[in-house]
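First comes the structure, then the notes that go with it.
Residue numbers start at 1 and run along the sequence shown. From a predicted model like this one, the values you see are computed outputs, not experimental measurements.
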Amino acid sequence: MPTDCISYQKSGYFSKLIVDYLDEKPEIQALYHRFPRIENFGAQIEEKTKNYSTENRLILVEALINQNTNFPISQAIQANIALLKSDKTFTITTGHQLNLFSGPAYFIYKIASTINLCKQLKQNYSDYNFVPVYWMATEDHDFEEINHFHLNHQKIKWEKDSFGPVGRLATDGLEQAFVEFSKAIGLGETAEHLKELFHKSYLEHTNLADATRFLANELFKSAGLVIIDGDDTNLKALFAPYIKDELLHRNSFTTVSKTINQLKNYSVQVNPREINLFYIDDNLRERIIFENNIYKVNNTEIQFTESEIRKLIENSPEKFSPNVILRPLYQEVILPNLAYIGGGGEIAYWLELKNNFETQKVTFPILMLRNSFVIATKKQALKMKKLEISFPELFLKQHELVNQKTKEFSNIKIDFSEQKETIKKQFSELLKIAEQTDKSFIGAVKAQEAKQLKGLENLEKRLLKAEKRVHLEKTARITDLQNQLFPNGSLQERKSNFSAFYSDQFVNEIISQSNPLETQFKLISL
């Protein structure tokens with residue numbers, strides 16, 4: 001394996017469930033449909049073709065045209081929307097919250113992975129077309145998760161109250177965030193470009209969904225990225241039969257709970273509710289609960305009888321919003337989709353959903369991890385070389401990294417394993433003697449062995465501590481570099497905004513380096 005990458009399994013940043021998924025462990029193979037290999041997409045295409053109607057295609061295309069009416073979308077995007085009319089066209093989808101100015105850098109990596117996979121599929125299945133799709137999570141309502149981003153150790157935050165679906169949220173109040181961003185980004189041509197991008201996105205659009213659409217269009221317009229907003233009356237109408245089934249029969253609770261019972265050796269990402277739908281309005285997104293034969297909207301006075309809620313589904317399906325359990329089903333019903341690309345947490349909850357898809361007779365997509373990167377400056381890359389530190393070593397816990405490098409730099413062998421083995425052999429002989437005499441002597445021999453091994457361990461630790469002082473200056477430079485690339489001991493991509501690394505070629509470079517079929521963290525030097 002090249003020294004500028006590390007497998008996801010060895011990185012230490014993925015759950016046991018995801019590691020076992022990547023390793024195709026037999027005990028979880030029932031949780032997914034097809035493993036993400038290029039040769040498996042042929043069968044996926046065939047199955048989705050049979051399970052996706054022309055009617056849905058035409059409604060989807062009309063919705064996408066309507067959603068983009070007021071946006072100057074590129075010819076590549078227009079062409080991809082037009083291609084979706086053909087039954088030879090399929091989508092690869094990723095989704096993300098409407099984080100302010102995209103939030104952490106992995107927003108870029110998710111979409112880049114999606115775009116690159118479409119290119120690979122076209123090379124391998126030339127008779128078909130593949131369109132990258134970004135699903136905007138406009139119906140989420142957790143504003144605290146999305147109202148900020150980090151740049152140069154500074155938190156840029158949008159101060160505002162929010163109660164309903166965030167996509168409908170007015171962009172007023174972002175002027176102050178723009179001022180703070182302008183100060184943090186500094187001076188120069190790139191800084192001016194980013195300030196203009198922020199201004200046009202957030203200060204020239206009236207709601208967060210439009211602002212996010214503009215931003216993503218600007219970043220990925222040449223790649224033909226199609227952006228979809230699920231908060232759409234016509235698209236919700238396609239999903240109405242599943243909304244009705246959820247309210248009347250609550251199958252998703254039963255099927256997902258059954259899967260969770262199979263995940264006893266893993267941490268469960270999400271738990272289903274009895275009804276996995278919200279009721280939404282401009283300033284409201286609250287759970288629907290069923291009590292005493294009445295459908296109630298939690299924390300409100302709104303309620304419906306069964307006949308009333310049936311009429312609401314028929315006349316106003318946009319009033320219903322799927323939660324994390326049902327949103328994937330909604331996506332796969334309205335899109336001719338083959339694969340979903342997401343982070344480890346997302347894939348973990350998708351792995352809970354296959355039974356529900358089968359119950360609803362909807363094709364379950366291929367699940368793929370997005371690409372992950374660590375971005376280093378040329379100076380940082382040179383420093384790694386001078387300090388004789390490999391990229392995989394940077395993923396070690398800091399104390400482990402310091403210990404390992406200290407042992408490498410030392411002229412003394414800081415490893416008493418041979419001495420410990422010698423002691424163990426000596427006491428093994430003593431135990432044979434002890435077994436032939438008083439049994440109480442056995443305990444004394446074992447106690448003495450443990451004492452001598454403990455003494456060696458203490459000496460080893462003291463020697464390592466002494467050598468750390470000798471090589472302190474060099475290991476301090478190493479930990480300083482690790483802190484730069486792993487801010488606050490966490491992944492750079494989960495903390496830093498893309499603007500910290502941005503250049504004219506940044507997005508294209510990330511796209512070219514992406515390949516979700518390769519499950520590796522990669523180091524990119526810019």
Side-chain angles (χ1 to χ4, degrees), residues 51-67 69 135-142 162-169 207 209 228-257 270 272-335 353 355-362:
N51 205 10
Y52 187 76
S53 70
T54 300
E55 179 188 4
N56 283 29
R57 279 190 182 277
L58 296 178
I59 293 172
L60 171 65
V61 170
E62 183 180 4
L64 290 171
I65 291 171
N66 290 337
Q67 290 182 14
T69 297
W135 181 289
M136 295 195 298
T138 55
E139 296 178 46
D140 281 3
H141 62 283
D142 196 339
S162 173
F163 303 99
V166 294
R168 303 183 189 183
L169 191 62
N207 62 62
I228 188 167
D229 183 351
D231 190 7
D232 184 290
T233 300
N234 292 329
L235 296 179
K236 287 284 178 69
L238 291 178
F239 195 58
Y242 302 90
I243 294 173
K244 180 180 176 181
D245 182 77
E246 178 69 10
L247 290 168
L248 300 183
H249 305 298
R250 298 179 278 286
N251 283 322
S252 63
F253 176 78
T254 303
T255 56
V256 176
S257 296
V270 294
R273 296 187 180 276
E274 186 179 4
I275 294 176
N276 293 285
L277 290 166
F278 290 92
Y279 178 91
I280 62 170
D281 212 331
D282 286 347
N283 293 301
L284 178 69
R285 188 176 188 246
E286 285 286 352
R287 289 192 297 116
I288 298 173
I289 55 180
F290 187 66
E291 291 180 347
N292 302 319
N293 293 319
I294 295 292
Y295 294 91
K296 300 178 181 180
V297 178
N298 201 35
N299 297 320
T300 75
E301 299 297 320
I302 302 170
Q303 60 182 36
F304 306 94
T305 63
E306 182 179 318
S307 61
E308 288 171 338
I309 208 161
R310 283 175 179 267
K311 289 179 182 178
L312 188 66
I313 297 168
E314 183 178 348
N315 298 325
S316 303
E318 71 278 3
K319 291 292 185 182
F320 299 91
S321 176
N323 74 355
V324 66
I325 295 293
L326 280 189
R327 191 212 64 78
L329 183 69
Y330 177 36
Q331 170 188 297
E332 298 302 312
V333 166
I334 67 174
L335 290 174
L353 305 179
N355 278 342
N356 193 44
F357 272 73
E358 290 175 344
T359 299
Q360 300 294 346
K361 296 180 172 57
V362 176

Apply side-chain contact (heavy atoms from CB on, under 4.5 Å) to Glu301 and list each qualifying residue two or more places apart in sequence or on a separate chain. none
Contacts of type side-chain contact (heavy atoms from CB on, under 4.5 Å), residue Asn283, not counting sequence neighbours: none
Could you pull out all residues at least two apart from Glu308 that satisfy side chain to side chain donor-acceptor pair (under 3.5 Å)? Thr305
Asn292: which residues meet the side chain to side chain donor-acceptor pair (under 3.5 Å) condition with it, sequence neighbours left out? none
Would a 4.5 Å heavy-atom cut-off, applied to side chains only, mark [X] and [Y] as touching?
X	Y	result
Leu238	Asn234	no
Phe357	Leu329	yes
Asn355	Val256	no

The residue among Asp229, Asn207, Asp231 that forms side chain to side chain donor-acceptor pair (under 3.5 Å) with Thr138 is Asp229
Donor-acceptor pair, [X] side chain versus [Y] backbone, under 3.5 Å?
X	Y	result
Tyr242	Val333	no
Ser257	Thr254	no
Asp245	Pro241	no

Taking every heavy atom of Glu246 against every heavy atom of Ser252, the minimum-distance pair comes out as OE1-OG, 2.7 Å
Closest heavy-atom pair and its distance - Ile243, Pro317: CD1-O, 4.2 Å
Say you draw a straight line from [atom1] of [X] to [atom2] of [Y]; how long is it, rounded to the nearest 0.5 Å?
X	Y	atom1	atom2	value
Asn56	Leu235	CG	CG	9.5 Å
Ile289	Asn299	CD1	CG	8.0 Å
Leu60	Ile228	CG	CD1	5.0 Å
Leu335	Arg57	CG	CZ	10.0 Å
Arg273	Ile288	CZ	CD1	12.5 Å
Ile275	Asn298	CD1	CG	11.0 Å

Could you tell me how the ring of Tyr330 sits relative to the ring of Trp135: parallel (under 30°), tilted (30 to 60°) or perpendicular (over 60°)? perpendicular
Ring geometry between Phe304 and Tyr279 (parallel below 30°, tilted from 30 to 60°, perpendicular above 60°): tilted
Short N-O contact, Arg310 and Glu306, less than 4.0 angstrom: yes
Only distances under 3.5 Å count here; give the side-chain donor-acceptor pairs of residues 319-326 to other protein atoms, sequence neighbours excluded, each with its distance to 0.1 Å.
| residue | atom | partner | partner atom | Å |
| --- | --- | --- | --- | --- |
| Lys319 | NZ | Asp281 | OD2 | 3.4 |
| Ser321 | OG | Glu139 | OE1 | 2.5 |
| Ser321 | OG | Arg285 | NE | 3.1 |
| Ser321 | OG | Arg285 | NH2 | 3.1 |
| Asn323 | OD1 | Ile325 | N | 2.9 |
| Asn323 | OD1 | Leu326 | N | 3.4 |
| Asn323 | ND2 | Asn276 | OD1 | 3.0 |

Distance-only polar pair, side chains of Asp232 and Gln67, donor-acceptor under 3.5 Å: yes
Salt bridge (charged side-chain N to carboxylate O under 4.0 Å, His left out): pairs with one or both residues in residues 287-299, sequence neighbours excluded: Glu291-Lys296
